[in-house]
Number of protein chains: 2
Amino acid sequence: MDSLRQHIEEIIPLTDAEFDHVQSFFTLKKVRKHQYLVNEGDEVKYEYLVLSGIYRVFYVDEQGKEYIVQFAKAGWWMSDYEAFFKQGKASMFIECLVAGEVLYATLDAREQLSKELHQMEHFFRVKLTNGYVAQQQRIKLLLSSTPQQRYEAFARLYPDLLQQVPKKLIAEYLGVSRETLSRLYAG
Amino acid sequence: MDSLRQHIEEIIPLTDAEFDHVQSFFTLKKVRKHQYLVNEGDEVKYEYLVLSGIYRVFYVDEQGKEYIVQFAKAGWWMSDYEAFFKQGKASMFIECLVAGEVLYATLDAREQLSKELHQMEHFFRVKLTNGYVAQQQRIKLLLSSTPQQRYEAFARLYPDLLQQVPKKLIAEYLGVSRETLSRLYAG
DNA sequence: AAAATCGTGTGATCCAAATCACACGATAAT
DNA sequence: ATTATCGTGTGATTTGGATCACACGATTTT
C-alpha cells in the first residue's frame, strides 16, 4: 500500500491517520495475463489504480471489431468510467495484457473520501482535470490527424507501450487497421 | 448573476454570503456574433460559463481545415482548457455564433474557490466528472462510428444545435466533410 | 516433438468518403 | 438596388485506408 500513499502524496499531503483511513477503502488484487476485470454487461462496482502490469479498456462493436479506449499502466486509474460514475452496466471490457497488481475501490469510496477529506476531493479533481485534458488531446488527434501522425504521437507519448503491446492493439487504440499501421514504419 | 447561482445550486447549496463571495470572481460580458473570445496564440486567462448565445471552440490545421472540439450553449463551460489549466498559449479559437452573454473567471478563481469552499471543489469535481464521461463517449464515437451514426448521435444529443448551427460546422464537429454530411439526410 | 495459434509483414482489390466542381436561392454588405 | 459571400445540395472523380489473402517465424499448447 506504500505506492498508494506515494501516488496520493504527489498531489496532497496526508497524515498517517488520514492515510490509514484512505487506505481502508482500497483492496489489493493480483491479476493474471488474459484475466478480465470488467466484462460488458457487468455492474461496474470498482475503479482500479494500477500498481503494475498493463491493461486495456476496450469495447466491441456489432461486427465484432474491437476498439481500445484506454491503456493503463502503473500509476494510472481505469474503469468503464461512464458505467462506474452512473452506476450502470458496462459497455466495455478491461483485460490484463501483462500480469500485475491493482488496487480497487467503489464509487462510494470516492464520494465518501471526497466528503470527509477536502484534500481528497482536491486530489480527485486534479486527477480528473488531467484526464480531461488528455482526452481532449485525443479527440483532437482523432478528428484531424492521419494514421502517420497518430502513430507518431503515440510513440512520443508511450514509447514503453509501443514495445510491450502488440501492434494490433495499438492499431485498435489509434483507430487504424493493423495493416495500415504496419505499413507506416515500413515506409 | 442569478443564473450563476442557479447553475451552482443545481449541485451544491450556498448561503447568501458564500454566493456573494463566489460571484465576486465572475465578470459578465456581452458577446456579439462573430466575436472571438480566444485566439490561437493568446494567453488563455479565462474560462467562460455561457449564459446565452452559441459558441464554438475550434482549431485549424496546417492546411487551414477547421475542427470543432466543442460547441457551447447556455449552462455550459468552455475554454481552451488545455491552455487554461496549464496556463499556456491557446491552440484554439473560441468564436461566438449566436450573440449572447458569458461569465468569465480566471484559473485562480477556480483554485481559490476550491480551496476556500469545500463545496465549490465538489462542484468543480462533479462538472469535470460529467465532462470526462461526455468526452469519453465522443472518443468512442470517433473511433468506431460511421458518418451516419455520428450524425444520428449528434441529432439525438443536440437537436437544438442542429437547427441553429450551419451544417458545415456540424460537419467540422463530426469529423466528416460538408458534402458527406449533406448526403446523409438526403439519402 | 508436433500441431495450433499469434504477431507481423506485404501484395492485390475494393470502397466509402474526400475532394473538386458547379448551381442556386438566401443573406449580408456596399 | 446591386454585388458579394454564405449555406446548401448534388454530380463526377480521386484516393487513402479497409479488407481480403497469404506467408512465415515465433510462441503456446497438447
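Below, chain A is the first sequence line, B the second, and so on; all start at residue 1.
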Legend entry - Side-chain donor/acceptor of A:Gln70 to backbone N/O of A:Trp77, under 3.5 Å: yes
Legend entry - Earlier contact from the 5' end, DNA chain C, for B:Val176 and B:His34: B:Val176
Legend entry - Spacing between A:Leu142 atom CG and D:dG17 atom P, to the nearest angstrom: 14 Å
Inset, instruction - Taking only the side-chain heavy atoms of B:Arg183 (C-beta and beyond), determine which of C:dT19, C:dT8, D:dG17 contains the nearest atom. - result: C:dT19
Inset, instruction - Give the nucleotide from the list C:dT10, C:dT19, D:dA18 with an atom nearest to the side chain of A:Arg178. - result: C:dT10
Legend entry - Sugar-phosphate only, base, or nothing, as touched by B:Lys65 at under 4.0 Å among non-hydrogen atoms: sugar-phosphate
Inset, instruction - Please state how far atom CD in A:Gln163 lies from atom P in C:dT8, giving the value in whole angstrom units. - result: 11 Å
Inset, instruction - Would you kindly give the NZ-to-P distance between B:Lys167 and D:dT8, to the nearest whole Å? - result: 6 Å
Legend entry - Under-4.0 Å side-chain N/O to phosphate OP1/OP2 contact, B:Thr180 with C:dA18: yes
Inset, instruction - May I ask you to verify if any side-chain N or O of A:Tyr185 is less than 4.0 angstrom from the OP1 or OP2 atom of C:dG9? - result: yes
Inset, instruction - Flag the pair B:Phe154 / B:Tyr173 as yes when their ring centroid distance falls below 6.0 Å, and as no otherwise. - result: yes
Legend entry - Residue pair A:Arg125, B:Glu111: steps toward the salt bridge (Lys or Arg N to Asp or Glu O under 4.0 Å) verdict: CA-CA 11 Å; A:Arg125 180 170 70 87; B:Glu111 295 302 326; 2.8 Å; yes
Legend entry - 5' priority, DNA chain C, between B:Lys33 and B:Glu179 [closest heavy atom]: B:Glu179
Inset, instruction - Fit a plane to each ring of B:Tyr36 and B:Phe93, take the angle between them on a 0 to 90° scale, and name the class: parallel (under 30°), tilted (30 to 60°) or perpendicular (over 60°). - result: perpendicular
Inset, instruction - Grab the CG-C1' distance between A:Leu169 and C:dT8 for me, whole Å please. - result: 13 Å
Legend entry - Spacing between A:Glu66 atom CD and C:dG7 atom P, to the nearest angstrom: 11 Å
Inset, instruction - Between D:dG17, D:dG7, D:dG9, spot the one nearest the side chain of B:Ser182, thanks. - result: D:dG9
Inset, instruction - Round to the nearest Å and state the distance from B:Gln149 atom CD to C:dA17 atom P. - result: 10 Å
Inset, instruction - Measure from the side chain of B:Ser177, starting at C-beta and using heavy atoms only, and say which of C:dT19, D:dG17, C:dT8 lies closest. - result: C:dT19
Inset, instruction - Quickly work out the A:Lys168 NZ to D:dT19 P distance and round it to whole Å. - result: 14 Å
Inset, instruction - Give a yes-or-no answer on whether the side chains of B:Glu47 and B:Tyr81 include a donor-acceptor pair shorter than 3.5 Å. - result: yes
Inset, instruction - Return the nearest nucleotide to the side chain of B:Pro166; candidates are D:dG7, C:dG7, C:dA18. - result: D:dG7
Inset, instruction - Can you tell me the distance, in whole Å, between the CG atom of A:Leu181 and the P atom of D:dA18? - result: 10 Å
